[in-house]
Amino acid sequence: MMDVGDVPIYLRPGFTDGRKAIDGLVGVIQEQMKMDVLQGGLFIFCSKAKTTIKCILWDGTGFWYIQKRLVGFTFAWPRNEDEVMRITSQQLGQLLDGIDVFRKFVPWADVKIS
């Protein structure tokens, strides 16, 4: 995978039409996310079935279109479609490894059993 350590990573919660390719996803970035794809960043989208993630990255000369489709598993994905989320490269790695980075974790130490 490319090193995206210095690139802002933007995730679109909810699902995005899985039939969209570069032009369709760039349209979503500009029209629905209200962002300028040419300013840089890795933009991540998920299909309704949560089995496919698509990414768009502008490198200054053209677009990278990256896709990962799981077999037998689904991605953890936020359902809230209100806002674009910014995540870290570490969270991206965890997401691609199947870890739910969106679940609110409540440590057992904070749970009181009576």
Side-chain angles (χ1 to χ4, degrees):
M1 186 162 169
M2 297 174 16
D3 180 15
V4 294
D6 294 334
V7 175
I9 303 169
Y10 303 103
L11 181 142
R12 182 173 184 263
F15 71 89
T16 302
D17 185 347
R19 298 170 290 183
K20 292 189 184 296
I22 293 173
D23 293 337
L25 293 174
V26 167
V28 170
I29 294 166
Q30 294 173 332
E31 296 166 19
Q32 296 176 12
M33 297 170 71
K34 307 292 186 211
M35 300 182 79
D36 182 1
V37 69
L38 302 180
Q39 292 298 313
L42 178 66
F43 297 87
I44 307 172
F45 307 88
C46 190
S47 66
K48 188 174 187 177
K50 298 182 187 176
T51 57
T52 305
I53 285 181
K54 294 183 178 185
C55 305
I56 294 289
L57 175 71
W58 172 256
D59 71 0
T61 61
F63 290 104
W64 285 87
Y65 174 75
I66 307 158
Q67 176 176 320
K68 180 173 183 176
R69 184 178 68 202
L70 296 178
V71 177
F73 299 96
T74 59
F75 289 103
W77 202 258
R79 296 180 188 161
N80 179 4
E81 296 186 34
D82 293 340
E83 296 181 22
V84 174
M85 297 178 69
R86 186 161 175 183
I87 62 173
T88 66
S89 58
Q90 179 182 8
Q91 288 172 311
L92 175 59
Q94 292 171 334
L95 174 68
L96 295 175
D97 285 341
I99 298 170
D100 186 350
V101 298
F102 309 107
R103 175 183 268 174
K104 302 284 188 225
F105 178 71
V106 179
W108 286 105
D110 290 343
V111 177
K112 295 182 181 179
I113 302 174
S114 30

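Since this is a predicted model, take the numbers as computed values, not measurements.
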Visitor: How long is the gap from SG on Cys55 to CZ on Phe43, to the nearest 0.5 Å?
Guide: 11.5 Å
Visitor: Using the test side-chain contact (heavy atoms from CB on, under 4.5 Å), find all partners of Ser47 that sit at least two apart in sequence or belong to another chain.
Guide: Ala49, Thr51, Thr52
Visitor: Looking at CH2 of Trp64 and CD1 of Ile22, how far apart are the two atoms once the value is rounded to the nearest 0.5 Å?
Guide: 11.0 Å
Visitor: For the atom pair OH (Tyr65) and NZ (Lys54), what is the distance rounded to the nearest 0.5 Å?
Guide: 3.0 Å
Visitor: Check the pair Val7, Leu57 against side-chain contact (heavy atoms from CB on, under 4.5 Å), reporting the backbone distance first and the verdict last.
Guide: CA-CA 9 Å; Val7 175; Leu57 175 71; 3.9 Å; yes
Visitor: Going by the rule side chain to side chain donor-acceptor pair (under 3.5 Å), which residues pair with Gln94 if we only count those two or more places apart in sequence or in a different chain?
Guide: none
Visitor: Mind checking the OH-CE spacing from Tyr10 to Met33? Nearest 0.5 Å is all I need.
Guide: 9.0 Å
Visitor: Go through the structure and list residues passing side-chain contact (heavy atoms from CB on, under 4.5 Å) with Trp77, not counting sequence neighbours.
Guide: Leu11, Ile44, Cys46, Lys50, Ile53, Leu95
Visitor: Rounded to the nearest 0.5 Å, what separation is found between the CZ atom of Phe75 and the CD1 atom of Ile99?
Guide: 12.5 Å
Visitor: Can you name the closest pair of heavy atoms from Gly40 and Pro8 and give their distance?
Guide: O-CG, 4.4 Å
Visitor: Looking at side-chain heavy atoms only, is the closest gap between Leu92 and Leu42 below 4.5 Å?
Guide: yes
Visitor: Output, in order, the C-alpha distance, side-chain angles, deciding distance and verdict of side-chain contact (heavy atoms from CB on, under 4.5 Å) for Ile29 and Phe45.
Guide: CA-CA 10 Å; Ile29 294 166; Phe45 307 88; 3.5 Å; yes
Visitor: With sequence neighbours left out, write down each residue that passes side chain to side chain donor-acceptor pair (under 3.5 Å) with Asp36, or none if nothing qualifies.
Guide: Gln39
Visitor: Going by the rule side chain to side chain donor-acceptor pair (under 3.5 Å), which residues pair with Gln30 if we only count those two or more places apart in sequence or in a different chain?
Guide: none
Visitor: What salt bridge (charged side-chain N to carboxylate O under 4.0 Å, His left out) pairs are there with at least one residue in residues 17-33, not counting sequence neighbours?
Guide: Asp17-Arg19
Visitor: Take Val37 and Phe63 through the test side-chain contact (heavy atoms from CB on, under 4.5 Å) and record every step on the way to the result.
Guide: CA-CA 9 Å; Val37 69; Phe63 290 104; 3.7 Å; yes
